[in-house]
Amino acid sequence: MEVNKVHCSHLMLFFYRKGKNATKAANKICTVYGEAAVAEKTMRKWFARFKAGDSNFEDQERPGRPSTTDEDQIKTPIENNPRYTISELAEMLKISKSTIYEHFVKLGYTNRFVA
């Protein structure tokens, strides 16, 4: 059985409010949803957030440089010539191939030649 992220977060808050410790709560969730449902380390991190008064389930900002690549910067050449490869676009736009690929996925482009 698979548990989604939001549901699991609500379960963690439930066990925190019931006064369970992180280890017992993680074990109970994993008993129902499977061994990979939540790690004890993750449970401890969430319990610390709850203890600090943060019960926001939204993803928090992560450290690191934000993306400076605009999707239009990649979308425009593709619309002009849909035969460009990721490698050609990377070289032409001076952007890494992995960044181009990530934007392809976001834009909904798929490889129609993959079986």
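What you see below is based on every heavy atom in this structure, not just the backbone, and it leaves out hydrogens, waters and symmetry mates.
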Gap between atom [atom2] of [Y] and atom [atom1] of [X] - 0.5 Å precision:
X	Y	atom1	atom2	value
Thr99	Leu93	OG1	CG	11.0 Å
Ile29	Phe15	CD1	CZ	5.5 Å
Lys28	Lys18	NZ	NZ	8.5 Å
Asp72	His103	CG	NE2	10.5 Å

Between [Y] and [X], is there a side-chain heavy-atom distance shorter than 4.5 Å?
X	Y	result
Tyr33	Leu11	yes
Ile95	Gln73	yes
Tyr84	Ile100	no

Would Thr85 and Ser87 count as a side-chain hydrogen bond (donor to acceptor under 3.5 Å, both in side chains) here? Give the steps. CA-CA 5 Å; Thr85 65; Ser87 296; 4.7 Å; no

Heavy atoms only: give me the nearest Ala37-Cys8 pair and the separation to one decimal. O-SG, 4.2 Å

What are the two closest heavy atoms between Met12 and Val38, and how far apart are they?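 Reported closest heavy-atom pair: CE-CG2, 3.9 Å.
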
Report the residues that fulfil ring pair (Phe, Tyr, Trp, His ring centres under 6.0 Å) with Tyr16, sequence neighbours left out, ordered by chain and then residue number. Phe47, Phe50

Return a table of donor-acceptor pairs under 3.5 angstrom between the side chains of residues 39-46 and protein atoms on other chains or two or more places apart.
residue	atom	partner	partner atom	Å
Glu40	OE2	Thr23	OG1	2.7

